[in-house]
Amino acid sequence: MTAIPKEQWKERIRDPKIECASRDEMTALQSERLVETVKRVYENVEFYRKKMDDLGVLPGDIKGIEDIGKLPFTTKEDLRDHYPFKLLAVPNERIARVQGTSGTTGKLTVVPYTQRDVDIWGECVARALTMAGLTKEDRIHICYGYGLFTGGMGLDLGVQALGAMAIPMSSGNTKRQMTCMEDFEATAFACTPSYALHLAESMVEEGVVDRLKIRAGIHGAEPWTQEMRKKIESILHINCFDIYGLCEISGPGVAMDCIHQKGLHVYEDYFYPEVLNPVTHEACADGETGELVFTTLMKEALPLLRYRTKDLTDITHGTCDCGRTLPRISKFRGRTDDMKVIRGVNVFPTQVETALLAMGTVAPHYLLIVERENNLDVLTVMVEVDEHYFSDEIRKLDELKTKVGNVLKAALGVSVRVKLVEPKTIERSEGKAKRVIDKRDLS
Ligand code: DLL
């Protein structure tokens, strides 16, 4: 496998008029799109009409992007409260598809798309793939999950828009992934960074690295470090790129970094980014860490005003070495909430609590421990159970352990290791309970 040598690297930009626009040109475009979006949501979405009325803001008060601070915020809770389709801004028959969060139950967030939303999503991913140096000549092996999760479908749409060849593997079955990668002569692959590293090490073990034609890896959906990137790059001799997105805004392809690795370029002509102090909601200066907030500028089915992502980052404006003027956000520092991303799946401690309490056979004292083993995330859930389980025959304890594991897997959508412990083993807290210990080094 060979990375594209730096000296041979040609900057590839799919849409230079947009991606290299001057600030004035971009502001004019964003303003026009924001004014139109606000008018549309006010007319079609009762939730926003009420929120704006409560703030005393009328669509006519929004004259350009400089007025964005007058608009109300939207949160994940708002989406859940309006589950599944109560925030639609278009008639039902215009919905072309739905996607959702990576969690499988309880916390599901559903996102409807019109065909134009789908096309724009594909276009954003195609821009990102172009940024990774890929063209229609490439064969892109997609091992993100397909389904409601946006990873598989998003990359697929991008490959189609690029005109390249999609290899829709979905996730799992490492041996088969390697065989297909080799046999189909894939030139790029896309999956979570933790799986990329696992795959890379498996390739070394199987001795297939030199027979593969992979040049680039497109990784995201979970936080990962520069060190992890370097490790994957050095094992496979490729270039890796960090792709970001969230289903509420469209999926992967909201932002991605270029070969210069100076932050992830945000497609701000479609998604207007703000970085705000999570407490005061004041705008952060360039370089200052805050919560990333997006306003969609072209979304038809589910336009969102000032959607609070809870992802912590900072933003930089100014021209990048690649020539793009799109602002750049730093690799993510974490989240403002307690959500954990385990093997690309969003997991909330409250989902564990709900599932455990519904069982009735275990105590409501639990602890999540997240670790990284062989480069894969491992979630251990420690749960207290009645002491008679420890004095009775061991078979009963084993049966309960299997049952808890099955219940949690069904609730979370990821397999979990279960550790049943005696009462009072888990530390009690006087203030907020500590529900998660994250031992992965994601700094
Ligand atoms: O994870 C979309 C996606 C798929 C992105 C494939 C990239 C590749 P959700 O399931 O809605 O969507 O989860 C979104 O995942 O708010 C972040 O906390 C986290 N996340 C996504 N990409 C990155 C990344 C997809 N590159 C949530 N770095 C987001 C760090 C990321 N965290």
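Small disclaimer: the values here were computed from a predicted structure and weren't measured. Along the sequence shown, residues carry numbers from 1. Order of listing sets the numbers, starting from 1, for every ligand and every atom in it.
- A salt bridge (charged side-chain N to carboxylate O under 4.0 Å, His left out) check over residues 157-186, counting only residues at least two apart or in different chains, returns the pairs K175-E206, E182-R211, E185-K213.
- The atoms of ligand 1 that sit less than 4.0 Å from any heavy atom of G220 are 7 (C), 8 (C), 26 (N).
- Taking any N or O of D311, backbone or side chain, at least one lies under 3.5 Å from an N or O belonging to ligand 1.
- An N or O contact shorter than 3.5 Å is missing between H219 and ligand 1 by distance.
- Under a 4.0 Å N-O distance rule, the pair E123/R14 qualifies as a salt bridge.
- At a heavy-atom cutoff of 4.0 Å, ligand 1 is contacted by the side chain of N346 but not by its backbone.
- Of the N or O atoms in L155, none lie within a sub-3.5 Å distance of an N or O in ligand 1.
- For residues 138-150, the pairs satisfying side chain to side chain donor-acceptor pair (under 3.5 Å) are D138-T187, D138-R215, H141-Q177, Y146-D156, with sequence neighbours left out.
- Classification of the H281-F73 ring pair by plane angle, with boundaries at 30° and 60°, yields perpendicular.
- The closest non-hydrogen atom to atom 3 (C) of ligand 1, taken over G154, P252, A190, A128, comes from P252.
- Checked for salt-bridge contact, D257 and R229 meet the test: a charged N lies under 4.0 Å from a carboxylate O.
- Interatomic distance, CD1 of I62 versus CE of M52, reported as 6.0 Å (0.5 Å rounding).
- For ligand 1, the polar-atom distance check against I243 finds a nitrogen or oxygen pair separated by under 3.5 Å.
- At a 3.5 angstrom cut-off on N or O pairs, A221 counts as close to ligand 1.
- Residue contacts with ligand 1 for T150 involve side-chain atoms from C-beta outward but no N, CA, C or O (heavy atoms, distance under 4.0 Å).
- Every atom of ligand 1 is numbered from 1 in the order shown, and the set under 4.0 Å from a heavy atom of D242 is 24 (C), 26 (N).
- Side chains of D286 and T316: a donor-acceptor N/O pair is absent below 3.5 angstrom, by distance only.
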